[in-house]
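The block underneath contains the structure these notes are about, expressed in structure tokens.
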There are 2 protein chains.
Amino acid sequence: MSEIRHAIKNGEIILEENAVVNVTLSAVQSNFSVYEALRVLKRHVVHLDDHINRLYNSANSIHLPLPVVDWNNEINKLIKKDNIEDCTMRILVVGTDTPTWFITWTKLLTYPDSYYKEGVDVITYNGERFLPQSKTGNLLVNFLSREEAKRNNAFEALLVDRLGKILEGSRSNFYVLKGDTIKTAPDEKVLDGITRISVLRAGRELGYKIDYTSPSPEEIWSSDAIFISSTSMGAMPIRSVDGKKCPFDSDKVAAICSLVRKWECD
Amino acid sequence: MSEIRHAIKNGEIILEENAVVNVTLSAVQSNFSVYEALRVLKRHVVHLDDHINRLYNSANSIHLPLPVVDWNNEINKLIKKDNIEDCTMRILVVGTDTPTWFITWTKLLTYPDSYYKEGVDVITYNGERFLPQSKTGNLLVNFLSREEAKRNNAFEALLVDRLGKILEGSRSNFYVLKGDTIKTAPDEKVLDGITRISVLRAGRELGYKIDYTSPSPEEIWSSDAIFISSTSMGAMPIRSVDGKKCPFDSDKVAAICSLVRKWECD
């Protein structure tokens, strides 16, 4: 990989340090933006079409007029320019009438094996995302809940809605596995996670039924295992919630994660 | 006023075009920021102490470590540099550990006299602000509701919460005036508006009782007048809601507005 990092702005290769927006723009001041985070593995973008579809869906949901762009070509320009093998890539589109779009990248976000074998610690946090199905720039609740998790030495925060149900994590989807059933919030209440689709497909292939009901925190304690998923995490088991050890069966989660990761390379 | 506009970044005078933030920063991506909009009239900043207090309160509420700055001095540097008489000024502080702060300005936001005499049209919009008492950068619901208002040729959107109550406007506080009472949402549910404080003080001086209960949309139709307030608007009467003419008594609102504007010059 090259030393100086580049980015793409409206189709033009620029230095990453020039990937900036002016703070006097109303779209910048008001998070009138949509984004996607993608995995590039061996110079190949995982599930690109799904991410691009979601990007346009997110834009439509807030009336952001996203232009037609050959995203595959643009991403590959950046992969070539910076000689990238693996990375986490980010597409950001900032409104309004003539949106400005950026592609930037960072080192591939990966997690230690121990997270998958031993599970991660999470906290609960009272909060809900606005327009949960869309990936917009309106991310303060995600940021604050994650900071609260960090202050508690936890890896992730589970967002508990006004009805006391767990909808999703600050940057993940959430599942309760019990017997032959995987329970997760209904689609319309959470991010339409691309890894979530794979997780639920893997669950079905492994013989689980899917119950689209938002789980209550109390159900954690009578489950077999609980876990989270995201593009970067795959499926990751949880070992404690708010400092209390929870039921933990990493093998069951690992079986799901292994199918999810296999399909990424197809 | 000078032709080329300047701004201040962390105490340094820069060209406004250089008032930029990098889109790879997590604080920028997640609206981990707070702001204030101020009125400068005849080179004097209106209610500066109140705005600065609120800025620090907003920062505290999201654990943003805002440094001590001589804001009066910084604002006056910009007033001198660009030879500003009147303007709307904006302070923006973007986290995280070492926040970056900006002061920028635009032409003073004012409204035609007809808005105050004839009233403005508003719509209702289902939505609530996250952390309503704080002025954070998490503003998508404000932006989207205002865009929806524009599409309906309306001036403002009133945000209706999950319980069906009107809490505030997209950029204003909201009031229902009936008989000897002014009704407005309780402090903890809405922005701690600096003009709101003046409006309620003016209401009391004019003999009104203040009822801190979130009004229902139905109460609009049996009121004497409804109105909104903000730093730029003062107190502004509403003449229609969702396309339907509403009770309208601009004299009562004008009496309040005139006290609010008088105190700005004290």
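Within every chain, numbering begins at 1; the chains are lettered A, B, ... in the order of the sequence lines, protein sequences first and strands thereafter.
Between the CD atom in A/Gln29 and the CZ atom in B/Arg90 there is a gap of 3.5 Å [rounded to 0.5 Å].
A/Leu131 touches chain B through its side chain: at least one heavy atom from C-beta onward sits under 4.5 Å away, while N, CA, C and O do not. With a 4.5 angstrom heavy-atom cutoff, B/Phe32 touches chain A via backbone and side-chain atoms both. Looking at A/Ile62, both its backbone and its side chain come within 4.5 Å of chain B, counting heavy atoms on both sides. Only the side chain of A/Phe102 has a heavy atom closer than 4.5 Å to any heavy atom of chain B.
When each of B/Glu17, B/Glu128, B/Glu147, B/Arg151 is checked for heavy-atom pairs under 4.5 Å with chain A, B/Arg151 comes out on top. Counting heavy-atom pairs closer than 4.5 Å to chain A, the top-ranked of the candidates B/Asn142, B/Val141, B/Thr136 is B/Val141. Counting heavy-atom pairs closer than 4.5 Å to chain B, the top residue among A/Leu144, A/Val20, A/Thr104, A/Leu140 is A/Leu140.
For A/Asn31 against B/Leu139, the heavy-atom pair with the smallest separation is OD1-N, 2.8 Å. Residue B/Glu16 comes nearest to A/Asn22 through the heavy atom pair O-ND2, 3.1 Å, listed as atom of the first residue, atom of the second, then distance. Here the shortest heavy-atom pairing between B/Thr96 and A/Phe143 reads CG2-CZ, 3.7 Å.
Among residue pairs with one or both ends in residues 65-74 of chain A, those qualifying as salt bridge (Lys or Arg N to Asp or Glu O under 4.0 Å) are A/Glu74-A/Lys77; sequence neighbours excluded.
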Applying side-chain contact (heavy atoms from CB on, under 4.5 Å), run through A/Thr106 and B/Thr24 and close with a yes or a no. CA-CA 9 Å; A/Thr106 51; B/Thr24 61; over 6 Å; no
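Legend: residues meeting side chain to side chain donor-acceptor pair (under 3.5 Å) with A/Ser26, ordered by chain and number and at least two apart, are absent.
Within a 6.0 Å radius of CD in B/Glu188, more than 12 heavy atoms belonging to other residues, nucleotides or ligands are found.
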